Amino acid sequence: MDKMWAGRFDKALDKQADDFNSSIHFDKKMYKEDIKGSIEHALMLSSVGIITKEEYEKIADGLNSILEDLNSGKLTFDENAEDIHMFNEAELTKRIGDTGKKLHTARSRNDQVALDLRLYMRNQANDVVALLRELIGALKEQAENNQDAIMPGYTHLQRAQPITFAHHLLAYCMMLMRDVTRIEDAVKRMNYSPLGSCALAGTTYPTDRDMVAKSLGFDGICLNSIDGVSDRDYCIELESAFATIMMHLSRLSEEIILWSSWEFKFIELDDSYTTGSSIMPQKKNPDMAELVRGKTGRVYGDLMATLTMLKGIPLAYNKDMQEDKEAIFDATETVIKCLGVFVPMIKTMKPIKENMYNAATKGFINATDLADYLTKKGVPFRSAYKIVGTIVGECIKKGTTLDKMTLEEYKAHSDIFEEDLYNEISLETCVAKRISRGSTGYESVKEQLKYVTEFLK
Ligand code: ARG
């Protein structure tokens with residue numbers, strides 16, 4: 001196929017170089033945005049008198065018919081086209097003749113691709129936000145149903161203090177809510193139209209950039225045309241938000257993997273989100289969670305690829321920038337797929353409260369509360385800490401736990417200990433007594449649940 005720019009050249013592009021240069025196999029994803037942008041551009045051209053109203057109508061009809069045919073599959077992409085912009089324009093001219101050649105007035109592919117990608121990513125970002133909200137909802141529901149499920153809270157993966165499963169899941173809700181607002185912030189910043197920047201320097205035509213921006217739902221125009229065609233900050237911001245989502249999902253995946261092991265057995269994943277082994281008949285593997293954890297690296301890689309691609313290129317457009325799309329498409333598709341499988345996996349996950357509770361009875365996770373008990377009776381915290389440490393040491397030697405030690409044994413360490421200590425170190429009391437805001441205490445967890453519910457409204 002003859003290139004649109006063939007006029008200047010004596011020889012055609014080498015076949016291998018042509019394939020290397022072509023981006024249609026991935027930028028075809030943006031065909032809807034490309035057509036929509038072109039229709040609005042043509043409307044603007046007619047409204048300022050650069051083309052006639054009839055010409056606009058012909059162009060719009062032609063583009064709409066291409067859109068319909070691509071949607072229905074009647075028209076397929078020409079894989080020999082250089083990119084989606086060239087493909088749509090060539091197809092338009094094929095359909096409506098010379099009027100099609102007027103569409104590219106006061107425009108360049110440089111601002112066109114910048115526009116298409118912003119439009120495309122604005123939609124994709126909204127899809128990610130919708131999925132994040134679903135996942136937050138699923139976690140919140142599990143939290144609501146497990147406010148009484150006491151489990152060990154960990155630091156260093158060592159049993160630390162009793163918490164509720166609800167409190168633990170709500171931590172992930174907080175993380176994912178930040179992910180939502182991170183994306184929303186990025187979308188706000190990217191919602192300016194680059195169209196009309198043209199190749200880089202603007203145009204001699206009396207265009208109305210604000211009109212196009214408004215009709216495409218932007219908050220305004222990119223005010224510097226050089227920046228308009230060279231800015232890919234929004235790709236970096238979104239990829240970085242996606243990388244953070246993946247990091248959060250990966251941490252939750254790791255916990256899900258641990259929790260579903262026989263060593264923990266805090267949860268049972270639904271059969272529909274686990275797989276078997278080809279050789280070991282007893283296996284039920286948490287593959288979805290492992291894959292999400294594994295795919296996190298890809299999204300980090302996409303972010304790194306874009307940052308690195310941009311770091312050395314001078315203003316304005318450089319072909320390097322064609323690399324932005326595969327990276328951000330991969331990051332977006334990965335995060336969408338991962339969230340898609342996570343939502344039902346969380347919804348169907350069954351917590352096993354007895355196992356959580358049993359684990360919480362071991363490991364002296366009420367030791368802090370025992371020290372607090374002494375402190376509240378006037379013993380300075382450091383001294384109380386030391387007394388309890390010695391008692392824990394004695395328990396370990398005797399193979400027993402704090403609640404099983406007799407009062408006599410306690411009194412040998414301090415005569416401040418009384419019968420009421422046993423109530424004080426029961427796991428239920430340990431949780432109930434956490435009254436600080438944000439804590440694992442029942443009231444605090446209710447406040448957190450309310451906060452998440454409000455957020456999701
Ligand atoms: N396919 C190109 C890209 O994705 C479109 C812009 C081409 N502009 C140009 N001057 N070669 O970046």
Side-chain angles (χ1 to χ4, degrees), residues 1-9 12-38 41 63 66 70 77-93 101 103-124 190 193-203 212 216 222 224-236 238-239 302 305-333:
M1 190 173 76
D2 249 4
K3 296 288 177 211
M4 270 181 209
W5 36 257
R8 187 227 177 281
F9 295 83
L13 183 62
D14 168 79
K15 172 79 181 94
Q16 194 176 325
D18 195 12
D19 289 345
F20 184 66
N21 192 49
S22 161
S23 55
I24 184 110
H25 64 281
F26 53 85
D27 63 23
K28 63 185 173 195
K29 274 187 207 306
M30 310 189 299
Y31 75 94
K32 287 184 186 153
E33 289 72 19
D34 194 69
I35 290 174
K36 178 116 187 64
S38 290
H41 176 66
L63 286 170
I66 296 173
L70 284 173
F77 297 101
D78 173 5
E79 298 293 330
N80 291 316
E82 189 173 325
D83 54 30
I84 187 60
H85 326 294
M86 293 296 210
F87 170 79
N88 280 336
E89 197 187 326
E91 183 62 29
L92 178 68
T93 304
K101 297 182 182 166
L103 170 64
H104 211 54
T105 316
R107 186 177 81 170
S108 151
R109 266 187 302 160
N110 297 350
D111 55 344
Q112 195 179 350
V113 70
L115 174 83
D116 292 2
L117 191 53
R118 279 188 201 227
L119 289 173
Y120 185 82
M121 285 315 302
R122 196 172 65 183
N123 278 336
Q124 295 289 103
M190 78 186 248
S193 170
L195 201 71
S197 297
C198 303
L200 80 161
T203 178
V212 185
L216 290 171
C222 301
N224 180 303
S225 60
I226 300 174
D227 181 49
V229 289
S230 352
D231 171 33
R232 295 292 185 275
D233 288 2
Y234 57 95
C235 295
I236 301 213
L238 288 175
E239 281 163 353
D302 294 325
T306 310
L307 280 168
T308 312
M309 178 274 285
L310 284 165
K311 76 175 263 293
I313 53 177
L315 300 176
Y317 179 83
N318 300 264
K319 193 68 175 222
D320 316 44
M321 292 164 84
Q322 182 164 288
E323 289 291 311
D324 57 1
K325 281 170 283 301
E326 280 171 295
I328 197 156
F329 293 164
D330 180 67
T332 313
E333 276 149 35

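Whatever order the structure lists ligands and atoms in, that order sets their numbers, starting from 1. Please read all numbers here as calculations on a predicted model, not as lab measurements.
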Checklist entry - Which bit of Lys325 is near ligand 1, meaning a heavy atom under 4.0 Å away: side chain, backbone, both or neither? => result side chain
Item to check | Contact atoms of ligand 1, heavy-atom distance to Ser23 under 4.0 Å | outcome: 1 (N)
Got the closest protein heavy atom to [atom], with its distance?
atom	answer
atom 5 (C) of ligand 1	Asp83 OD2, 3.6 Å
atom 8 (N) of ligand 1	Asn110 OD1, 2.9 Å
atom 1 (N) of ligand 1	Gln322 OE1, 2.8 Å
atom 12 (O) of ligand 1	Tyr317 OH, 2.5 Å

Side-chain contact, heavy-atom cut-off 4.5 Å: [X] with [Y]?
X	Y	result
Ser38	Glu89	no
Ser193	Leu115	yes
Val113	Met321	no
Glu333	Lys29	yes

Next on the checklist: What I want to check is whether the side chains of Glu239 and Thr306 have a donor and an acceptor closer together than 3.5 Å.
Outcome noted: yes
Next on the checklist: In terms of relative ring orientation, are Phe77 and Phe87 parallel, tilted or perpendicular, with 30° and 60° separating the classes?
Outcome noted: tilted
Item to check | Option with minimal heavy-atom separation from atom 11 (N) of ligand 1, where the choices are His85, Met86, Arg109 | outcome: Arg109
